[in-house]
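Dumping the structure here so I can ask a few things about it.
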Amino acid sequence: MTRAPVARFPSARRAAELKGFLENPANFDTLAMVFNRSSRFARLQRVKCAVAGRNLYMRFSCSTGDAMGMNMVSKGVQNVLDYLQDDFPDMDVISISGNFCSDKKSAAVNWIEGRGKSVVCEAVIKEEVVKKVLKTNVQSLVELNVIKNLAGSAVAGALGGFNAHASNIVTAIFIATGQDPAQNVESSQCITMLEAVNDGKDLHISVTMPSIEVGTVGGGTQLASQSACLDLLGVKGANRESPGSNARLLAAVVAGAVLAGELSLISAQAAGHLVQSHMKYNRSSKDMSKVAS
C-alpha cells in the first residue's frame with residue numbers, strides 16, 4: 001500500500017535535497033526503522049519522490065499483512081515526517097496525502113508502479129468449449145479483443161481501462177467482502193489479452209491488474225454478511241502462519257472472477273448475444289412503442 005504526503009520548502013533546491021536524502025539507499029534502514037514502529041505488520045519497502053516547483057511529493061510503499069493498510073501506512077508516514085522535521089525544519093507539510101499515492105482516483109502511477117496487490121490471471125480455453133459453450137470461435141474473440149479492448153480503449157484515451165467490464169466484477173466482490181467500494185476506481189484497472197494458441201485451435205486469455213486494493217481484516221470485513229463471504233472464500237481474518245497470504249488470495253479471487261466475466265461478455269458480444277440476453281432478463285418486457293401508441 002502507498003501513501004504520499006506533500007511538503008513545501010522555501011526553494012526547489014531544498015525540496016531536491018530531501019528527495020536525495022529519502023531516495024539514498026544508505027538512509028533506507030533508518031527510515032524503515034522509524035516507519036515500522038507504527039505497526040506489527042507495516043514494513044517499509046521503498047520511497048519514491050517527485051518534485052513540482054518547491055513542493056516535494058513522497059510516495060511511501062509498504063507491506064501491510066492481511067490488512068488493506070491505508071491507516072497503517074499513514075501512521076508510518078507520520079512517524080517519518082516527524083523524524084525528518086529535525087534535519088529539515090523548513091519543511092512545511094501541506095497534507096499527509098498529496099494525491100501521488102494515488103487513492104480512489106485513476107492514475108498512471110498506480111497503473112505503472114502498482115498499488116495494493118498486482119495480479120496476473122490466465123487460462124487456456126479449449127476450442128470445443130469456445131464453440132459449444134461460448135457459441136463463437138477463437139479467431140472472432142481475438143479480433144474483437146484487439147479492436148474493442150485494445151484499439152477502442154486507446155481511441156478513448158483510456159488509463160488502465162483496456163478491458164470489457166472489469167469494474168462490474170470488482171465492485172460486486174468489494175461490496176460482498178467488505179472492501180472500500182471507492183477503491184474500485186484504481187482496483188478495476190485491467191488489461192485483457194486474448195490470443196490463439198496450440199496452432200490456433202485454443203484460446204489463451206489473461207487479465208493483468210496492477211492495483212487491486214483488498215484486505216481480510218479491518219474496516220467492512222468485520223460486518224456479519226461480509227465476514228461470512230470471506231469465510232466462504234477461505235480468507236477470513238489474518239493468516240497467522242503466513243501474514244498477508246489471505247489478502248493475496250482474495251486479490252487472486254478478484255482477478256479470477258474478472259477473467260471469467262471478461263470471457264463471458266466478450267463471447268456474448270462476438271456471438272451477437274449481448275442485447276438479446278439483456279432483453280431476456282430485463283426488468284420490463286413491455287414494448288414501449290406499443291405503449292406509446
Side-chain angles (χ1 to χ4, degrees), residues 1 66-68 104 106 110-111 114-126 129-130 133-136 141-142 144-145 148-150 153 158 160-195 202-221 223 225-237 239 244-271 273-274 277-278 281:
M1 184 46 64
D66 284 302
M68 184 269 286
K104 302 178 179 70
S106 183
N110 293 336
W111 179 243
R115 189 171 196 255
K117 312 293 186 252
S118 297
V119 185
V120 180
C121 184
E122 64 179 345
V124 174
I125 313 300
K126 292 295 185 180
V129 174
V130 173
V133 178
L134 302 177
K135 313 301 183 184
T136 183
L141 291 174
V142 172
L144 175 59
N145 189 65
K148 169 187 166 64
N149 288 340
L150 304 185
S153 297
F162 298 90
N163 58 81
H165 69 149
S167 179
N168 272 336
I169 287 83
V170 173
T171 304
I173 297 178
F174 270 33
I175 293 173
T177 60
Q179 311 306 310
D180 186 341
Q183 289 183 324
N184 164 65
V185 177
E186 61 268 40
S187 297
S188 295
Q189 293 190 126
C190 168
I191 183 167
T192 300
M193 305 288 288
L194 272 66
E195 59 182 306
D202 303 327
L203 177 74
H204 182 279
I205 179 173
S206 68
V207 293
T208 301
M209 306 179 70
S211 49
I212 302 177
E213 299 167 356
V214 293
T216 58
V217 297
T221 65
L223 298 171
S225 296
Q226 283 70 15
S227 178
C229 284
L230 290 170
D231 193 31
L232 184 67
L233 294 170
V235 296
K236 178 182 176 181
N239 189 309
S245 61
N246 280 359
R248 288 193 294 273
L249 181 54
L250 178 57
V253 168
V254 172
V258 167
L259 183 146
E262 290 291 278
L263 181 62
S264 175
L265 179 55
I266 296 170
S267 297
Q269 292 179 340
H273 293 165
L274 181 64
S277 61
H278 273 71
Y281 297 105

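Because only heavy atoms are used, hydrogens play no part in the values below, and waters and symmetry mates are left out as well, while side chains stay in. For reference, positions follow the sequence shown, starting with 1.
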(request) Determine yes or no for a side-chain-to-main-chain donor-acceptor pair under 3.5 angstrom, with Thr136 supplying the side chain and Ser267 the backbone. (result)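 Side chain of Thr136 to backbone of Ser267, a donor-acceptor pair under 3.5 Å: no, none is there.
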
(request) State whether the side chain of Asp66 and the backbone N or O of Asn246 hold a donor-acceptor pair below 3.5 Å, judged by distance alone. (result)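 Confirmed, Asp66 side chain pairs with Asn246 backbone.
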
(message) Return the CG to CG distance between Leu141 and Leu134, rounded to the nearest 0.5 Å.
(response)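 Answer for the CG-CG pair, Leu141 versus Leu134, is 7.0 Å.
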
(message) If the condition is side-chain hydrogen bond (donor to acceptor under 3.5 Å, both in side chains), which residues does Ser118 pass it with, not counting sequence neighbours?
(response)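 Scan of Ser118 (side-chain hydrogen bond (donor to acceptor under 3.5 Å, both in side chains), adjacent residues dropped) gives none.
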
(request) Could you list all the salt bridge (Lys or Arg N to Asp or Glu O under 4.0 Å) pairs where at least one residue sits in residues 162-171, not counting sequence neighbours? (result)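 Of all non-adjacent pairs touching residues 162-171, none passes salt bridge (Lys or Arg N to Asp or Glu O under 4.0 Å).
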
(request) Compare every heavy atom of Ser188 with every heavy atom of Ser167, then report the nearest pair and how far apart it is. (result)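 The answer is CA-OG, 3.2 Å.
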
(message) Do Val235 and Val253 make a side-chain contact, defined as non-hydrogen atoms from C-beta onward lying under 4.5 Å apart?
(response)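 Counting from C-beta outward, Val235 and Val253 never come under 4.5 Å.
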
Hey, can you pull the donor-acceptor pairs under 3.5 Å for the side chains in residues 257-264, sequence neighbours left out?
residue: Glu262; atom: OE1; partner: Ala164; partner atom: N; Å: 2.7
residue: Glu262; atom: OE1; partner: Thr192; partner atom: OG1; Å: 2.6
residue: Glu262; atom: OE2; partner: Ala164; partner atom: N; Å: 3.3
residue: Glu262; atom: OE2; partner: His165; partner atom: N; Å: 2.8

(message) Give me the atom names and distance for the closest heavy-atom approach of Phe174 to Pro181.
(response)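 Shortest heavy-atom contact: CD2-CA, 4.4 Å.
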
(request) Keeping to residues at least two apart or across chains, list the salt bridge (Lys or Arg N to Asp or Glu O under 4.0 Å) pairs with something in residues 202-212. (result)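 Only Lys126-Asp202 qualify under salt bridge (Lys or Arg N to Asp or Glu O under 4.0 Å).
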
(message) Show the nearest heavy-atom pair for residues Val142 and Leu194, with the distance to one decimal.
(response)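 Scanning both residues completely, I find the closest heavy atoms to be CG1-O, 3.8 Å.
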
(message) Minimum heavy-atom separation for Ala247 and Gly215, please, with both atom names.
(response)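 Ala247 and Gly215 have their closest heavy atoms at CB-CA, 4.3 Å.
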
(request) Calculate, to the nearest 0.5 Å, the distance between atoms CD1 and CE belonging to Ile205 and Met193 respectively. (result)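 Atom-to-atom, Ile205:CD1 and Met193:CE are 11.0 Å apart.
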
(request) Under the side-chain hydrogen bond (donor to acceptor under 3.5 Å, both in side chains) rule, collect the residues that match up with Glu195, sequence neighbours excluded. (result)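 Glu195 satisfies side-chain hydrogen bond (donor to acceptor under 3.5 Å, both in side chains) with no residue once adjacent residues are dropped.
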
(request) With sequence neighbours excluded, give me every salt bridge (Lys or Arg N to Asp or Glu O under 4.0 Å) pair touching residues 246-259. (result)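 Listed by first then second residue: nothing to list.
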
Give the table of side-chain donor-acceptor pairs shorter than 3.5 Å for residues 226-233, with sequence neighbours excluded, one pair per line with atom names and distance.
residue: Gln226; atom: NE2; partner: Ile175; partner atom: O; Å: 3.2
residue: Ser227; atom: OG; partner: Lys236; partner atom: NZ; Å: 3.2

(message) Using side-chain heavy atoms (C-beta onward) and a distance below 4.5 Å, is Trp111 in contact with Ile191?
(response)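 The answer is yes; the side chains approach within 4.5 Å.
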
(message) Restricting to side chain to side chain contact (heavy atoms under 4.5 Å, CB included), what partner residues turn up for Ser211, sequence neighbours left out?
(response)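 Partners of Ser211 under the side chain to side chain contact (heavy atoms under 4.5 Å, CB included) test: Asn110, Arg115, Glu186, Gln189.
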
(request) Keeping to residues at least two apart or across chains, list the side-chain hydrogen bond (donor to acceptor under 3.5 Å, both in side chains) pairs with something in residues 170-181. (result)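 Pairs touching residues 170-181 that pass the test: Lys104-Asp180, Thr171-Asn184, Thr177-Gln179.
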
(message) List the residues meeting side-chain hydrogen bond (donor to acceptor under 3.5 Å, both in side chains) with Asn149, not counting sequence neighbours, and say none if there are none.
(response)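 So Asn149 forms a side-chain hydrogen bond (donor to acceptor under 3.5 Å, both in side chains) with Asn145.
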
(request) Just jot down the side chain to side chain contact (heavy atoms under 4.5 Å, CB included) partners of Val119, sequence neighbours excluded, or say none. (result)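 Once residues adjacent in sequence are excluded, the partners of Val119 under the side chain to side chain contact (heavy atoms under 4.5 Å, CB included) criterion are Lys117, Ile212, Ala251, Ala255.
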
(request) Working to the nearest 0.5 Å, report the span between CD1 of Ile173 and CG of Leu250. (result)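 Rounded to the nearest 0.5 Å, the CD1-CG separation comes to 7.5 Å.
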
(message) I'd like to check the side-chain hydrogen bond (donor to acceptor under 3.5 Å, both in side chains) partners of Asn163; sequence neighbours left out, ordered by chain and number.
(response)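 Scan of Asn163 (side-chain hydrogen bond (donor to acceptor under 3.5 Å, both in side chains), adjacent residues dropped) gives none.
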
